[in-house]
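One structure is given here, and the rest of the page talks about it.
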Amino acid sequence: MAIEAMIHTLFTFALLFSSVVHAATFVVKNNCPQTIWPATLTSGSGQSQLSTTGFQLLSGASRSVDVPAPWTGRIWARTRCFVDSSSRFSCETGDCASGSISCNGAGGIPPATLAEFTLAPNGGMDFYDVSLVDGFNLPASIATVGGTGECQSTACSANVNGVCPTELQVRSGDGSVIGCKSACLAFNEPQYCCTAEFNDPSKCAHSQYSLIFKNQCPQAYSYAYDDKTSTFTCSGSPNYVVTFCP
């Protein structure tokens with residue numbers, strides 16, 4: 001009986017251990033000429049924040065992050081970060097207002113380019129996309145490593161800041177354009193945000209502003225109902241590479 005009890009205990013432990021082993025390794029790369037501060041946010045119900053919610057990446061550097069499954073969340077990059085006179089860490093784009101490099105469950109203040117994921121457990125189908133629904137601050141891409149199915153790479157490789165209309169621009173103190181707001185963020189009107197009477201894919205279509213984003217980055221989400229060409233899938237528990245300034 002002692003041996004049977006031991007086997008049962010070991011089997012139970014193995015099951016528990018297998019349920020918490022990470023399902024994917026995310027490699028976050030900085031191909032930008034400047035330092036960036038990537039951040040992560042877990043948004044799935046009942047899911048814990050990742051082991052890191054914010055870190056520094058020098059130009060050319062990369063960092064690996066273990067991500068469990070199931071997991072729903074996002075990765076974005078903060079730019080032009082500094083420590084102010086009150087010893088608070090702040091960034092000019094993508095800041096999560098935590099006061100530190102770690103965002104600790106806080107999302108980024110738009111505009112910010114987002115790499116979004118929903119990872120399935122047990123090798124099921126993952127969903128991922130690059131989103132400009134909250135606006136743009138840096139080019140970004142997502143690539144899969146391994147996996148089965150379509151597993152297509154997706155990217156917004158263009159510098160949308162360079163074509164951003166004046167009414168959507170976010171400027172730094174030196175006058176340079178460091179971010180481009182979405183029309184929803186800039187004007188907060190239902191026809192741009194797909195809210196109220198426009199909360200329907202048949203009623204909320206591309207605007208003159210979302211088309212600017214779409215023309216620059218055809219694979220990325222440009223507004224809330226831009227699903228057909230912007231959502232990608234991969235099964236079999238792939239790993240992912242998220243690159244800023246690909």
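Within the 3.5 Å criterion, the main-chain N or O of Asp66 finds no donor-acceptor partner in the side chain of Thr25. No donor-acceptor distance shorter than 3.5 angstrom exists from the side chain of Glu116 to the backbone of Asp129, with no hydrogens or angles considered. Gln191 places no side-chain N or O within donor-acceptor distance of the main-chain N or O of Phe198, the cut-off being under 3.5 Å. A donor-acceptor contact shorter than 3.5 Å is absent between the side chain of Ser153 and the backbone of Ala143. Between the Trp37 side chain and the Cys81 main chain, no donor and acceptor come within less than 3.5 Å of each other. No donor-acceptor distance shorter than 3.5 angstrom exists from the side chain of Gln56 to the backbone of Thr35, with no hydrogens or angles considered. Formation of a donor-acceptor pair under 3.5 Å by the Gln49 side chain with backbone atoms of Thr42 is found in this model. Under the 3.5 Å distance criterion, the side-chain polar atoms of Ser86 are left unmatched by any main-chain donor or acceptor of Arg88. One N or O on the side chain of Asn30 and one on the backbone of Leu58 form a donor-acceptor pair closer than 3.5 Å.
What you find for Ala24 and Leu119 is that their closest heavy atoms are CB-CD1, 4.1 Å. Of all heavy-atom pairs spanning Ala140 and Val130, the tightest one is O-CG2, 4.1 Å. Among all heavy-atom pairs drawn from Leu138 and Ala77, the shortest one is CD1-CB, 3.8 Å. Taking each heavy atom of Leu41 and Gly107 in turn, the nearest pair found is CD2-CA, 3.8 Å. For Ser222 against Lys214, the heavy-atom pair with the smallest separation is OG-CD, 3.7 Å. Cys103 and Thr53 make their closest contact through N-OG1, 3.1 Å (heavy atoms, listed as atom of the first residue, atom of the second, distance).
Looking only at atom types and distance, the side chain of Lys29 has no donor-acceptor partner in the side chain of Ser141 under 3.5 Å away. Side-chain contact, Glu150 with Gln152: no donor N or O sits under 3.5 Å from an acceptor N or O. Donor-acceptor pairing under 3.5 Å is recorded for the side chains of Thr231 and Tyr221.
The hydrophobic cluster containing Leu57 does not contain Ile101, counting ILVMFWY residues as joined when their side-chain heavy atoms lie under 4.5 angstrom apart, directly or transitively. Put simply, Ile75 and Val65 are part of the same group of oily side chains (I, L, V, M, F, W, Y) that touch within less than 4.5 Å, one to the next. Cluster membership for Val160 and Trp76, using ILVMFWY side-chain heavy atoms within less than 4.5 angstrom, is not shared.
Remark: SG of Cys204 is found under 2.5 Å from SG of Cys194.
Note: Leu132 CG to Cys156 SG = 4.5 Å, rounded to the nearest 0.5 Å. Between Cys91 atom SG and Ile109 atom CD1 the span is 9.5 Å, to the nearest 0.5 Å. Once rounded to the nearest 0.5 Å, the distance linking OH of Tyr223 with OG of Ser131 reads 12.5 Å. The CD atom of Gln216 sits 11.0 Å away from atom OG of Ser157, with the distance rounded to the nearest 0.5 Å. For the atom pair Asn137 CG and Thr93 OG1, the distance stands at 4.0 Å (nearest 0.5 Å). Expressed to the nearest 0.5 Å, how far OG1 of Thr148 lies from CE of Met125 amounts to 8.5 Å.
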Could you give me the CA-CA distance, side-chain angles and deciding distance for Gln47 and Thr72, then say whether side-chain contact (heavy atoms from CB on, under 4.5 Å) is met?
CA-CA 8 Å; Gln47 298 174 4; Thr72 298; 4.2 Å; yes
Is there a side-chain contact (heavy atoms from CB on, under 4.5 Å) between Cys193 and Asn188 once you walk through the steps?
CA-CA 7 Å; Cys193 299; Asn188 193 29; 4.1 Å; yes
How far apart are the C-alpha atoms of Arg78 and Cys96, what are their side-chain angles, what is the distance that settles it, and do they pass the side-chain contact (heavy atoms from CB on, under 4.5 Å) test?
CA-CA 9 Å; Arg78 296 165 289 175; Cys96 56; 3.8 Å; yes
Step-by-step side-chain contact (heavy atoms from CB on, under 4.5 Å) determination, Phe55 to Val28
CA-CA 10 Å; Phe55 50 92; Val28 184; 4.1 Å; yes
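Residue Asp200 qualifies as enclosed at atom CG: its count of foreign heavy atoms under 6.0 Å is above 12.
You'll find the side chain of Tyr225 reaches within 4.5 Å of the side chain of Asn199, heavy atoms only. Under the 4.5 Å side-chain criterion, counting only non-hydrogen atoms from C-beta, Pro165 is in contact with Ile212.
Among pairs with a residue in residues 139-195, those fulfilling ring-ring contact (aromatic ring centres under 6.0 Å, His included) read Phe187-Tyr192, Phe187-Tyr209, Tyr192-Tyr209, at least two apart in sequence or across chains. Here ring-ring contact (aromatic ring centres under 6.0 Å, His included) pairs that include residues 227-246, with residues two or more places apart or in two chains, are Phe26-Tyr240, Phe117-Tyr240, Tyr128-Tyr240.
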Listed pairs under 3.5 Å, donor-acceptor, residues 174-183 side chains, sequence neighbours left out:
| from | atom 1 | to | atom 2 | distance (Å) |
| --- | --- | --- | --- | --- |
| Asp174 | OD1 | Ser176 | N | 3.0 |
| Asp174 | OD1 | Ser176 | OG | 2.6 |
| Asp174 | OD2 | Arg80 | NH1 | 3.4 |
| Ser176 | OG | Arg80 | NH2 | 3.1 |
| Ser182 | OG | Val133 | O | 3.1 |
| Ser182 | OG | Leu185 | N | 3.1 |

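For Cys151, the side-chain contact (heavy atoms from CB on, under 4.5 Å) test picks out Thr144, Cys234, with sequence neighbours left out. With sequence neighbours excluded, the residues satisfying side-chain contact (heavy atoms from CB on, under 4.5 Å) with Asn159 are Phe136, Asn161.
Counting side-chain heavy-atom gaps under 4.5 Å among Ile, Leu, Val, Met, Phe, Trp and Tyr, the cluster of Val145 also holds Val27, Val241.
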